[in-house]
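Heads up, the thing below is written out as structure tokens.
Sequence lines set the chain letters: A, B, ... in the order given, protein chains first and strands last, and positions in each chain run from 1. Just so it is clear, the model here is predicted, and its values are computed rather than measured.
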Amino acid sequence: QQPVQSPQAVILREGEDAVINCSSSKALYSVHWYRQKHGEAPVFLMILLKGGEQKGHDKISASFNEKKQQSSLYLTASQLSYSGTYFCGVQGSNGANSKLTFGKGITLSVRP
Amino acid sequence: NAGVTQTPKFRVLKTGQSMTLLCAQDMNHEYMYWYRQDPGMGLRLIHYSVGEGTTAKGEVPDGYNVSRLKKQNFLLGLESAAPSQTSVYFCASSYYRGGKDETQYFGPGTRLLVL
């Protein structure tokens with residue numbers, strides 16, 4: 001079942017912060033985050049494997065709340081290069097035998 | 001390393017024609033996937049493979065067939081193209097790590113227009 005991403009779209013000015021959410025109706029084993037620039041392939045950002053795990057690099061970080069079956073992606077002090085569509089992909093609780101199911105994506109636009 | 005490559009980059013077909021999309025990876029990945037991406041729909045899994053000689057259906061397999069005769073290649077076939085198959089097709093591959101940290105690496109995509 002496809003995870004639900006929110007909000008539907010985000011428009012920011014450079015330097016502002018944003019949060020993108022990903023929620024699932026089923027128990028999760030892992031959450032993957034990808035970013036896709038217009039006309040390009042999705043690029044891996046990070047993966048969260050454990051409940052409560054938080055990860056980050058540069059000014060992009062994510063958390064995974066296993067109990068709530070959701071993950072959030074945090075973009076801090078956004079840069080123009082952060083513009084794109086952000087997808088979460090979720091892996092069901094049977095882990096190794098479970099494929100990724102992607103959400104519909106959130107379009108994030110950062111303006112000068 | 002070239003990573004994941006896809007051939008062709010763009011193709012126009014007439015309804016009823018057939019074609020094969022080729023995906024190649026040079027990372028020695030066990031898993032390979034074919035997705036289609038349509039506006040507002042995200043990435044939907046068509047078929048996937050967990051190793052040479054194996055294939056399995058994904059979320060939207062109807063109208064497509066796949067083959068994985070060699071570990072590095074994954075072919076997606078359309079036997080009789082329909083306008084509903086107009087889409088951007090992405091191939092991806094990943095290591096098998098027992099379900100842990102199986103990052104997927106995507107190819108550049110193939111844009112297919114069926115008239």
Ignoring hydrogens and geometry, is there a side-chain-to-backbone donor-acceptor pair from Q72(B) to Q25(B) under 3.5 Å? no
Between the side chain of D38(B) and the main-chain N/O of M41(B), is any donor-acceptor distance below 3.5 Å? no
Under 4.5 Å to a heavy atom of chain B? For Q36(A) that would be side chain
Using non-hydrogen atoms and a 4.5 Å limit, figure out which bit of Q2(A) sits close to chain B: side chain, backbone, both or neither. side chain
Where on L45(B) is there a heavy atom nearer than 4.5 Å to chain A: the side chain, the backbone, both, or neither? side chain
Heavy-atom cut-off 4.5 Å, strictly under: side chain, backbone, both or neither for Q104(B) against chain A? both
May I ask you to check whether [X] and [Y] show a side-chain donor-acceptor distance below 3.5 Å?
X	Y	result
Q1(A)	S25(A)	yes
Y33(B)	S94(B)	yes
T76(A)	D17(A)	no
W34(B)	S49(B)	no

Residues passing the ring-ring contact (aromatic ring centres under 6.0 Å, His included) test with Y35(B), sequence neighbours excluded, are F102(A), F106(B)
Proximity of residues 107-115 of chain B to chain A, residues having a non-hydrogen atom under 4.5 angstrom: G107(B), P108(B), R111(B)
Aromatic ring proximity, centroids under 6.0 angstrom, F87(A) and Y34(A): no
